[in-house]
Amino acid sequence: QVQLVESGGGLVQAGGSLSLSCVASGSISRVYVLGWYRQAPGKQRELVAATTNSGNSDYADSVNGRFTSSRDNAKNTVYLQMTNLKPEDTAVYYCYSRPNVFRESTYWGQGTQVTVSS
């Protein structure tokens with residue numbers, strides 16, 4: 001079981017920035033996908049960003065150009081840098097991992113709350 005722990009959430013005004021961190025229990029260098037989902041009140045969980053161990057990345061249209069996800073293999077950490085935050089970005093953000101390209105197993109962090117005020 002891969003354990004993931006998110007941190008960095010908080011309250012920020014619209015237009016501001018936050019950086020989220022997700023620390024994995026082991027090496028992430030070979031992990032196929034590391035990324036982020038979010039879930040706002042009353043809404044389904046939404047894929048925000050994903051990175052692969054081959055260097056590819058993908059973002060939801062709603063955050064493209066504002067959010068950047070990256071990996072730091074030395075720290076076993078994946079980051080989500082968020083800029084120009086909007087009230088609609090308010091959600092619980094979850095780190096996730098799909099360790100192997102040949103398997104569909106996924107692992108989730110506990111979530112961290114991001115609140116963007118108008």
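Reckoned from all heavy atoms, side chains included, excluding hydrogens, waters and symmetry mates.
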Measure across [X] and [Y] and return the closest heavy-atom pair with its distance rounded to 0.1 Å.
X	Y	result
Pro99	Tyr107	CG-CE1, 3.5 Å
Tyr32	Arg71	O-NH2, 3.3 Å
Ser19	Gln81	OG-CG, 3.8 Å
Val78	Ser69	CG2-OG, 3.7 Å
Asn76	Ser27	OD1-CA, 3.3 Å
Ser97	Leu34	CB-CD2, 3.6 Å

- Message: Check this for me: Gln44, atom CD, are more than 12 non-hydrogen atoms of other residues, nucleotides or ligands nearer than 6.0 Å?
- Response: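 Counting other residues, nucleotides and ligands, CD of Gln44 stays at 12 neighbours or fewer.
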- Task: Could you tell me whether the side chain of Asn100 reaches within less than 4.5 Å of the side chain of Arg30, counting heavy atoms only?
- Result: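 Not touching, per the 4.5 Å side-chain cut-off.
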[X] [atom1] to [Y] [atom2] distance, which is reported to the nearest 0.5 Å:
X	Y	atom1	atom2	value
Gln113	Glu6	CD	CD	12.0 Å
Asp89	Asn84	CG	CG	8.5 Å
Ser118	Glu88	OG	CD	8.5 Å
Met82	Thr68	CE	OG1	11.0 Å
Cys22	Trp108	SG	CH2	11.0 Å
Ile28	Asp72	CD1	CG	7.0 Å

- Message: I'd like to know if the side chain of Thr90 reaches the main chain of Val116, judged simply by a donor and an acceptor atom lying under 3.5 Å from each other, with no hydrogens or angles considered.
- Response: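 Yes.
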- Just by distance, do the side chain of Ser57 and the backbone of Ala50 share a donor-acceptor pair under 3.5 Å?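 No, the answer is negative, given that no donor and acceptor are paired below the 3.5 Å cut-off.
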- Query: Which of these passes side-chain contact (heavy atoms from CB on, under 4.5 Å) with Leu47: Tyr96, Trp36, Tyr59?
  - Reply: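 Answer to the side-chain contact (heavy atoms from CB on, under 4.5 Å) test with Leu47 among Tyr96, Trp36, Tyr59: Tyr96.
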- Message: According to a hydrophobic-cluster definition based on side-chain heavy atoms being under 4.5 Å apart (Ile, Leu, Val, Met, Phe, Trp, Tyr only), do Leu20 and Val63 belong together?
- Response: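 Same cluster: Leu20 reaches Val63 through Ile, Leu, Val, Met, Phe, Trp or Tyr contacts under 4.5 Å.
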- Would Leu85 and Val92 show up in the same hydrophobic cluster when neighbours are defined by side-chain heavy atoms closer than 4.5 Å?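 The answer is no; the residues belong to distinct hydrophobic clusters.
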